[in-house]
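Presented below is the structure to which this report refers.
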Number of protein chains: 2
Amino acid sequence: MNVLLVYAHPEPRSLNGSLKDFSVKRLEDAGHVVQVSDLYAMKWKASLDTCDSTHRQSNMPFDPSLDSKHAFENGLQTKDIALEQDKLVWADAVILQFPLWWFSMPAILKGWVERVYAYGFAYGVGEHSDARWGDRYGEGTMAGKRAMLIVTAGGWEPHYGPRGINGPIDDLLFPIQHGILYYPGFDVLPPFMIYRTGRIDEARYSKICDSLGQRLDALWKTAPISFRPQNAGAYEIPELTLRPDIAPDERGFAAHIA
Amino acid sequence: MNVLLVYAHPEPRSLNGSLKDFSVKRLEDAGHVVQVSDLYAMKWKASLDTCDSTHRQSNMPFDPSLDSKHAFENGLQTKDIALEQDKLVWADAVILQFPLWWFSMPAILKGWVERVYAYGFAYGVGEHSDARWGDRYGEGTMAGKRAMLIVTAGGWEPHYGPRGINGPIDDLLFPIQHGILYYPGFDVLPPFMIYRTGRIDEARYSKICDSLGQRLDALWKTAPISFRPQNAGAYEIPELTLRPDIAPDERGFAAHIA
């Protein structure tokens with residue numbers, strides 16, 4: 001299978017750098033083909049702006065969505081964006097690996113999402129009708145592909161637990177796992193988390209590699225998070241709220257998991 | 001009072017651009033002094049990397065936290081970072097204004113947080129003991145200052161409601177309001193949200209300005225979100241989980257609001 005690893009850490013000689021190398025080797029040893037988008041090494045342009053189209057009318061106000069649509073439809077995207085889209089189309093599975101900075105992904109990776117996820121590619125696809133609200137949340141360009149996060153955090157695991165002060169990790173990652181990965185159609189596997197990264201000795205590093213290796217070995221067997229598909233009847237259209245009889249007592253992110 | 005408006009939209013002739021101009025005028029007319037950090041106009045460098053220190057030993061592995069600490073303590077930060085820190089120290093209130101892109105802030109603003117929030121400035125301050133886990137979540141460099149988000153979204157309001165498919169807006173914003181603003185000590189006011197930005201005519205724009213104006217007029221009177229302070233007894237230390245008798249049946253983000 002084809003695996004795209006999108007990796008965002010500025011230092012190759014870091015825990016993240018080691019784990020990235022480990023993952024590539026493990027996947028290749030299992031016979032997969034791996035491409036790595038090493039965003040810092042590529043000097044990835046993080047900010048979405050008018051320069052993301054090769055030919056734009058500079059007198060018109062810039063509209064991030066409509067300009068993206070126009071550039072995508074007319075082959076006017078910059079080469080860096082088009083290349084990443086090609087990798088996404090090529091991939092059977094996509095892994096995003098990053099350190100948790102301020103409770104989300106690093107800016108350079110957020111900018112990869114914003115620029116590569118063009119209108120007409122990752123959103124704004126499919127029909128809108130009484131029964132459908134576009135191909136998204138379970139449908140879309142990435143349908144049939146799998147995705148998984150590998151995330152490191154300096155804090156302790158209980159700080160990210162159900163009653164931990166930072167908020168539960170599953171909720172912190174919901175905007176990424178549901179909003180960035182499930183939205184364009186990926187099946188999203190549970191994340192692989194590493195906590196307290198300042199305290200890793202050889203024994204712990206070895207254990208982490210064992211667990212990560214097992215997760216990578218099981219990439220095509222692990223059950224995805226059971227997010228509810230948008231157009232399969234659980235949501236009212238166009239309000240896109242859960243039908244009253246679906247998980248009637250639930251509110252918040254957890255209600256969107258079956 | 002002094003107000004810093006950190007603004008992240010690439011097009012001045014946009015709804016965000018108009019609302020930014022409106023806010024500046026409203027605040028100045030009320031006698032406040034306003035500084036705007038217009039990140040796109042400033043060509044803000046979004047990606048945190050080794051170039052954020054003016055003198056670093058290039059043979060040492062780059063550690064985002066420790067390098068930040070060293071640069072902050074020794075006056076080795078780049079000028080763009082130091083200037084934004086000065087603005088934060090100067091401000092009595094800070095407003096972050098941005099379009100919601102992929103359920104979070106734009107990369108350029110995330111990169112402002114990552115680079116300006118130095119170790120020793122926005123985190124890594126205060127003592128660690130049996131009773132305290134540093135000055136954070138209610139204490140810290142920004143204590144006594146107020147913060148507020150102004151956020152635009154293309155989607156409909158019910159899509160961001162308690163059972164809306166995108167997740168409740170308060171939960172989507174929790175990593176920012178609690179994790180980025182409350183963490184270094186800000187009192188965080190409820191956000192000002194504008195939905196369905198593709199459908200704004202003059203009448204609706206006028207209503208939005210009325211509401212926003214009232215929020216800005218009340219910047220020093222509005223009750224902040226009652227996030228629980230970390231070191232006032234609600235959390236066990238060092239686990240940083242809520243004490244069993246505090247909101248005993250609650251889990252997730254909402255448990256951290258009194």
Side-chain angles (χ1 to χ4, degrees), chain A residues 10-11 13-14 39-40 44 46-50 61-65 99 101-111 113-114 117 137 154-156 158-159 161-168 171-172 174-176 178-180 183 228 230 235 238-242 250-256, chain B residues 10-11 13-14 39-40 44 46-50 61-65 99 101-111 113-114 117 137 154-156 158-159 161-168 171-172 174-176 178-180 183 228 230 235 238-242 250-256:
Chain A
E11 176 54 64
R13 295 165 293 176
S14 60
L39 300 185
Y40 273 98
W44 179 259
S47 301
L48 179 158
D49 62 23
T50 56
F62 175 62
D63 181 305
S65 280
W101 286 352
W102 294 105
F103 309 104
S104 187
M105 52 173 60
I108 199 170
L109 179 53
K110 182 69 185 346
V113 173
E114 290 169 7
Y117 269 31
Y137 288 126
W156 299 23
H159 303 180
R163 285 167 58 83
I165 193 165
N166 295 337
D171 289 345
L172 291 169
F174 183 89
I176 300 172
H178 185 262
I180 289 175
Y183 186 108
R228 298 181 194 277
Q230 175 186 268
Y235 296 91
E239 296 81 5
L240 299 184
T241 49
L242 280 168
E250 290 196 55
R251 301 281 178 281
F253 295 160
H256 303 287
Chain B
E11 175 55 64
R13 295 165 294 176
S14 61
L39 300 184
Y40 272 99
W44 179 260
S47 300
L48 178 158
D49 61 23
T50 56
F62 175 62
D63 181 307
S65 280
W101 285 352
W102 295 105
F103 309 104
S104 186
M105 52 172 59
I108 198 170
L109 179 53
K110 182 70 185 346
V113 173
E114 290 168 7
Y117 270 31
Y137 288 126
W156 300 22
H159 303 181
R163 286 167 56 83
I165 193 164
N166 295 336
D171 289 345
L172 291 169
F174 183 89
I176 300 171
H178 184 261
I180 290 175
Y183 186 108
R228 300 181 193 277
Q230 175 186 268
Y235 295 92
E239 296 81 4
L240 299 184
T241 50
L242 279 168
E250 289 197 53
R251 302 280 179 281
F253 295 160
H256 303 287

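In this text the structure is predicted, and so the values were computed from the model without any measurement. Just so we're on the same page: letters track the sequence lines, and every chain starts at 1. What you see below is based on every heavy atom in this structure, not just the backbone, and it leaves out hydrogens, waters and symmetry mates.
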F253(B) and L172(A): side chain to side chain contact (heavy atoms under 4.5 Å, CB included), yes or no, with the steps? CA-CA 9 Å; F253(B) 295 160; L172(A) 291 169; 3.9 Å; yes

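Among D171(B), I165(B), T241(B), the residue making the largest number of heavy-atom pairs under 4.5 Å with chain A is I165(B). In terms of heavy-atom pairs under 4.5 angstrom with chain A, the leader among G167(B), P61(B), P158(B), P175(B) is P61(B). No other option in A255(B), P238(B), G111(B) has as many heavy-atom pairs under 4.5 Å with chain A as P238(B). Ranked by non-hydrogen atom pairs under 4.5 Å with chain A, the options S14(B), G164(B), A254(B), P10(B) are led by G164(B). With chain A as the partner, the residue from S104(B), G161(B), P168(B) showing the most heavy-atom pairs under 4.5 Å is P168(B). Between chain A and the options P162(B), G155(B), S65(B), heavy-atom pairs under 4.5 Å are most frequent for P162(B).
Y117(A) touches chain B through backbone and side chain together, each having a heavy atom under 4.5 Å away. Contact annotation for P64(B): only side-chain heavy atoms (C-beta onward) come within less than 4.5 Å of a heavy atom of chain A. At a 4.5 Å heavy-atom cutoff, the contact between W101(B) and chain A is made by backbone and side-chain atoms alike. For F62(B), the parts lying under 4.5 angstrom from a heavy atom of chain A are both the backbone and the side chain. With a threshold of 4.5 angstrom between heavy atoms, L48(B) approaches chain A through its backbone and through its side chain. Of the atoms belonging to H178(B), it is side-chain heavy atoms, and not backbone ones, that fall under 4.5 Å from chain A. For a residue to count as touching a neighbouring chain, one of its non-hydrogen atoms must lie under 4.5 Å from one of that chain's; by this rule H256(A) touches chain B with the side chain only.
For the pair K110(A) (side chain) and W102(B) (backbone), a donor-acceptor distance under 3.5 Å is absent.
For the residue pair Y183(B)/N166(A), the side-chain donor-acceptor check at 3.5 Å is not satisfied.
If you take CD1 on I108(B) and CD on E114(A), they are separated by 9.5 Å, rounding to the nearest 0.5 Å. With values rounded to the nearest 0.5 angstrom, E239(B) atom CD is found 13.0 Å from R163(A) atom CZ.
Annotation for A107(B) and A46(A): closest pair CB-O, 3.6 Å, computed over non-hydrogen atoms.
A 4.5 Å side-chain heavy-atom check between W156(B) and L240(A) finds every atom pair outside the cut-off.
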